[in-house]
Chemist: 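One structure, as structure tokens, below. Some questions next.
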Amino acid sequence: MIDLLEKYPKVVEDEVVFWYKAAPASAFPENGGACVKYKDLQIAVFNFSRKGEWYACQNLCPHRMQMILSRGMIGSSGEEPKVACPFHKKTFSLKTGENLNGDTCAITTYPVKIEDGYVYVGFDSGYS
Amino acid sequence: MTTKKSQIIVVGNGMVGYKFCEKLRNSDTEDRYQVTVFGEEPWPAYDRVHLSSYFTNTDPHKLQMAPRSWYAENKVELRTNELVTLIDKENRVVVNHLGESFPYDYLVLATGSSAFVPPVPGVDKKGVFVYRTMEDLEAILAYGKKVKSAAVLGGGLLGLEAAKAVMDMGLEAHVVELAPRLMPNQLDEQGAALLRSKLESLGIGIHLGKMTKEIQGNGKLTGLAFQDGSFLETEMLVISAGIKPRDELAAKAGLELGKRGGILVNDALQTTDRHIYAIGEAAVHRDKVYGLVAPGYEMASQVVNQLLDKETKPFLGFDMSTKLKLIGVEVGSFGDPFGTSEPSHPISFEDKAKGQYKRINISEDGKRLIGGVLVGDSSSFGMLLQMTQNGMPLPPSPEDLILGGRDGKSNNPMEGLEALPEGAQICSCENVTKGDICQHVEDTASGDLGQIKKCTKAGTGCGGCLPMINDLAKHQLKKMGKTVKNVICEHFPYSRQELFDIVKIKGIKSYNQLLDEFGEGDGCEICKPAVASILASVWNEMILRQDTIQDTNDRFLANIQKGGTYSVVPRIPGGEITPEKLIVIGQVAQEYNLYTKITGGQRIDMFGARVDQLPDIWEKLIAAGFESGHAYGKSLRTVKSCVGSTWCRYGVQDSVSFAIRVEERYRGLRSPHKLKGGVSGCIRECAEAQSKDFGVIATEKGWNIYVGGNGGSKPQHAKLLVNDVDTETCIRYLDRFLMFYIKTAEPLQRTATWLNKLEGGLDYLRDVVVNDCLGIGRELEKEMDFMVTTYSCEWKEVVNNPELRAKFKHFVNAEEEDPNVQFQPIRGQKIPVDWKS
Ligand code: SRM
Ligand SMILES: Cc1cc2nc3c(=O)[nH]c(=O)nc-3n(C[C@H](O)[C@H](O)[C@H](O)COP(=O)(O)OP(=O)(O)OC[C@H]3O[C@@H](n4cnc5c(N)ncnc54)[C@H](O)[C@@H]3O)c2cc1C
Ligand code: SF4
Ligand code: FES
């Protein structure tokens, strides 16, 4: 199971070399998320329409290794946008991936952009 | 001008050595000292008190007192993996195992202790362990995988913790104790006997009065032979028979030791060399070694104060009160548990049925509490300890302290807090007083527990004082004239009841509108479902119109299970079902290969449906006449029934028909927490109606209504609201009761807790519901009528609405199912593969 975690390496926006065209923006619920499949990765993409922002992170919750975060509720803690895992409500920053309410390890976040009504998720060379 | 800084060397980077560095750095504002700390272990100091949690999370960082970066940032030179082997007192130099020397002006020995291993033949056998460091635990974990049973030598605090740990590893666990009772230093005979029976019922074997003669086995361990000729078979042994201060370094340097070992210190914690201090478990003070962190921390503080020329007071010993950290078995021992330190008389009380034993020792003049023992329920530990430590006056009948609430009123912890002196120590690990905490609350005008912990450090040690800190913060806020308002979270400065009224009066129908007009920020996983529940209770609209504010179970109208699949629970009102419908459930379960189980709520649960299968499964169930059972919602679950007068020879009313009527009336009713009901056909109460949020029991003349019961982790019986009412009156009262609860409870507060906290209690509730003292009876009934007439089955809507149906899939960009969902077989059905813990 640990290898599952290691499949989600950090991507830095400046180094993105590949934008994957995932799905039309309209397929993502407002203020909620949906899961994108890219090769053997599962990426949770969130349409934070309240803020007019988009976020993406691994779908895998590191607490009990569950492919689930896309079904989580989003919100904020102070200024920090976050997602809460449906299983045990561990919350993770959508910006840094850090676990905000405990000491579960951090999750990987991915860059997202919207172009011509489509959602794109950024990956680095390792996964293009 | 630069003055040369003095050098302090700390030997030992355990809990106390670390705390010394932290306290010194916080107080040494003039930067007078340079600090170097040596630790023999490979990692920076960690929280040994919570060492057992390493079994469930083997991440060494979790237990760290502070990360390595802390030492660097605070100019403390940390040398891990280095053993100090020599002290040269004359030249004030220490030497490490590599032969390097380091000069000091002051030396602080915080070398702690090691586990005491009794000289029994065979202790060197494979499979024998001690319980002190992370390495010890790793070795235990690794060996434990290969064996089936383990014994713990020592039935004290630590031994019992070790026993629980090996039991949690799935091993058959035994405890061997030399004394005739468990925890002989903390418990009296009666308390220890009760603890023993509790542990035995957990499956731990207890062997008392056993002197171990030999640890047997041919290379690896097979068992323990006792002096009395008996034998205990076991494959592994964890020795937890006490501690042995690490005084070898001090001894070699010619420092004086205690009679039974330990580095001898005076009231100023100095050893026989004025430049050398000893603190923590390594020190022996007035013939005593303190095997707890709190006294060690206190010693560290006092040495820091001396080094900085601050006001110092002599160290005069420390209270050894303790609470056991075993889940499921509460034990506390405080002050003088045996009442032998001065003339006193004990008051004790045992409730065998509840498994509780409580004892307090009262001073001869009847004015002070000097100590006591609690087994089975240690909720009053904090208060009793405070009364003991602060010599607080006793109530007129001291037995109330342990019997409490006999007149049905619970004893109010707040009253005791008022009487506590400012200097009362609330957190003994960090020596934080009532005054410190109240001051913080006053300065910040906030009772935020996280902030209190961060700023005062209270509650950051063993955590045993947290409930008390919480009460204290609330108490202080109240005193400051701030109403302690239960706001639901950082996004809404309102209580649930206030939000309920706002939603209703302002006609607000969406979460976003409420947040825009009455909240701040972007919401979170606490306020979203709470508001969703309010909106549903007021407007009763299809909840999936705002699916992303629902808890996951409500969002997918099914209960999420391990692995991410869902369960399907159709409503079976009153538990009554036709053979035809039973067959349909069987067929559907068979077609989708679902695990089926009869639930504790008189119906059938089908587990293991993928999210994309849910609408198809429900389509079939709905076609056969089923509807949603709302097992996923904070709403009505089931109304349990017994068979009643239609078949049963004792029945006086038709409980099945009535249960079905009630269940159908309140189905889909969203409430602060889930609701369960029960209807029994006679006084024999086979439907267990008195353990439900609302229960109805048939009498010759009609029905008795009970309210506010529940099972769960804190079971509570429902209370009688009214006797002998006819069927229509019964429904009216239930309408009023439920609606009143829905409008006034806090999020996730069940009827039992709500009723416990309702001012005026049951009498007031009866006044509202039966006597209509507020004049809102009609209104409550009307509101309930609205809910009943606007009910519709959520699954029916989803099945018939392609847009809603489309939401039920795993990937947004692929028609595949989640490849990570995996099952394994069990007794002819399937279950998910276990998750990683
Ligand atoms: C399926 C079932 C166990 C079973 O196999 O028998 C069950 C399963 C769950 N119960 Fe239960 N409870 C089930 C009967 C009970 C009962 C017995 C009863 O209803 O007579 C109780 C004690 C009675 C009571 O509620 O007062 C019970 C007390 C709880 C509690 C504790 C509630 C409390 O107030 O302390 C929880 C936790 C909670 O709700 O916060 C809980 C929570 C849960 C959850 C929903 C936990 C979760 O969120 O995943 C479980 C998942 C259900 C599922 O996936 O379908 N379950 N649960 C039973 C379903 C009954 C039904 O047909 O709807
Ligand atoms: C499983 C367990 C549960 C416990 N539960 C509780 C509890 O609930 N409440 C409570 O109050 N207490 C509890 N304790 C006791 C508590 O952990 C100790 O009182 C506390 O750790 C003592 O701190 P210390 O710094 O004096 O010693 P230690 O934590 O033992 O630290 C001493 C350190 O010094 C190092 N050292 C020794 N000699 C040298 C040398 N010559 N050179 C370099 N380094 C050296 C050692 O390797 C060690 O790391 C528990 C202990 C255990 C093992
Ligand atoms: S008792 Fe616990 S494990 Fe069993 S069903 Fe209820 S919540 Fe789940
Ligand atoms: S699996 Fe995500 S919080 Fe437990």
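Chain A is the first sequence line, chain B the second, and so forth, proteins listed ahead of strands; every chain is numbered from 1. We use all heavy atoms of the structure for the numbers below, so side chains are in, but hydrogens, waters and symmetry mates are not.
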Chemist: Is the number of heavy atoms from other residues, nucleotides or ligands within 6.0 Å of CD (B:Glu815) greater than 12?
Modeler: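 Check fails, neighbour count at 12 or below.
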Chemist: Using heavy-atom distances under 4.5 Å, tell me whether A:Glu79 contacts chain B through its side chain, its backbone, both, or neither.
Modeler: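 Nothing of A:Glu79, per the 4.5 Å heavy-atom cut-off to chain B.
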Chemist: Could you tell me whether B:Phe492 and B:Phe518 have their ring centroids closer than 6.0 angstrom?
Modeler: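 No; B:Phe518 has its ring centre 6.0 Å or more from that of B:Phe492.
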Chemist: State whether B:Phe823 and B:Lys830 meet the cation-pi test: NZ (Lys) or CZ (Arg) under 6.0 Å from the six-membered ring centroid, and within 45° of the perpendicular axis.
Modeler: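 Yes, B:Lys830 sits over the ring of B:Phe823.
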Chemist: Do the two ring centres, one from A:Trp19 and one from A:Tyr110, sit under 6.0 Å apart?
Modeler: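 Distance test on ring centres: not under 6.0 Å, no.
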Chemist: Quick one: what part of A:Tyr20 sits under 4.5 Å from any heavy atom of chain B, side chain, backbone, both or neither?
Modeler: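 Just the side chain, heavy atoms under 4.5 Å.
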Chemist: With respect to chain B, which residue among A:Ser76, A:Gly78, A:Ala84 yields the maximal number of heavy-atom pairs within a distance under 4.5 Å?
Modeler: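 Counting heavy-atom pairs under 4.5 Å, the top option is A:Ser76.
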Chemist: Please look at A:Arg50 and chain B and tell me whether the side chain, the backbone, both or neither of the residue comes under 4.5 angstrom of a heavy atom of that chain.
Modeler: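 Just its side chain gets close to chain B.
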Chemist: Just say parallel, tilted or perpendicular for the rings of B:Tyr46 and B:Trp43, cut-offs at 30° and 60°.
Modeler: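 B:Tyr46 and B:Trp43: perpendicular rings.
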Chemist: Taking side chain as everything from C-beta outward and backbone as N, CA, C, O, which of these in B:Lys562 sits under 4.5 Å from a heavy atom of chain A? Side chain, backbone, both or neither.
Modeler: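 For B:Lys562, backbone heavy atoms alone lie under 4.5 Å from chain A.
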Chemist: Excluding sequence neighbours, so at least two apart, what forms ring pair (Phe, Tyr, Trp, His ring centres under 6.0 Å) with B:Trp618?
Modeler: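 So B:Trp618 forms a ring pair (Phe, Tyr, Trp, His ring centres under 6.0 Å) with B:Trp795.
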Chemist: Does CD belonging to B:Glu797 count more than 12 external heavy atoms closer than 6.0 Å?
Modeler: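 Check passes, neighbour count above 12.
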Chemist: Relative to chain B, which segment of A:Thr91 carries a heavy atom at a distance below 4.5 Å: side chain, backbone, both, or neither?
Modeler: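 Just the side chain, heavy atoms under 4.5 Å.
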Chemist: Using ring centroids (six-membered ring only for Trp), state whether A:Trp54 and A:Phe28 fall under 6.0 Å.
Modeler: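 A:Phe28 vs A:Trp54: aromatic centres under 6.0 Å.
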Chemist: Looking at B:Thr548, B:Asn512, B:Ile526, which has the largest count of heavy-atom pairs under 4.5 Å with chain A?
Modeler: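 Maximum pair count with chain A is reached by B:Thr548.
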Chemist: Report the option among A:Gly72, A:Ser70, A:Gly75, A:Cys35 that has the most heavy-atom pairs separated by less than 4.5 Å from atoms of chain B.
Modeler: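 That would be A:Cys35.
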Chemist: Shorter than 4.5 Å, heavy atoms on both sides: which option in B:Ile549, B:Ile560, B:Asp547, B:Asn813 has the most such pairs with chain A?
Modeler: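 Highest number of pairs under 4.5 Å: B:Asn813.
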Chemist: Could you look at B:Val611 and say if it's the side chain, the backbone, both or neither that has a heavy atom under 4.5 Å from chain A?
Modeler: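 When you check distances to chain A, only side chain atoms of B:Val611 fall under 4.5 Å.
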Chemist: Below 4.5 Å from any heavy atom of chain A, which atoms of B:His491 appear? Answer side chain, backbone, both or neither.
Modeler: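 Looking at B:His491, just its side chain touches chain A.
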Chemist: Distance-only, no hydrogens or angles: does the B:Asp551 side chain make a donor-acceptor pair with backbone N or O of B:Asp554 under 3.5 Å?
Modeler: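 Answer holds: no.
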Chemist: Under 4.5 Å from any heavy atom of chain A, what part of B:Glu520 do you find: side chain, backbone, both or neither?
Modeler: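 Neither part, no heavy atoms under 4.5 Å.
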Chemist: Is B:Gln546 close to chain A through its backbone or its side chain, or both, or neither, when contacts mean heavy atoms under 4.5 Å?
Modeler: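 Neither part; nothing is under 4.5 Å.
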Chemist: I'd like to verify something: which residue of B:Thr552, B:Asp522, B:Leu515, B:Asp818 has the highest number of heavy-atom pairs under 4.5 Å with chain A?
Modeler: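 Top option by heavy-atom pairs under 4.5 Å: B:Asp522.
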Chemist: Against chain A, work out which of B:Gly521, B:Cys489, B:Ala806, B:Cys527 has the most heavy-atom pairs shorter than 4.5 Å and name it.
Modeler: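 The answer is B:Gly521.
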Chemist: Does atom NZ of A:Lys51 have more than 12 heavy-atom neighbours from other groups under 6.0 Å away?
Modeler: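 It does: A:Lys51 NZ has more than 12 such atoms within range.
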Chemist: With a 4.5 angstrom heavy-atom cut-off, which part of B:Glu490 approaches chain A: side chain, backbone, both or neither?
Modeler: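 Contact with chain A involves the side chain of B:Glu490 alone.
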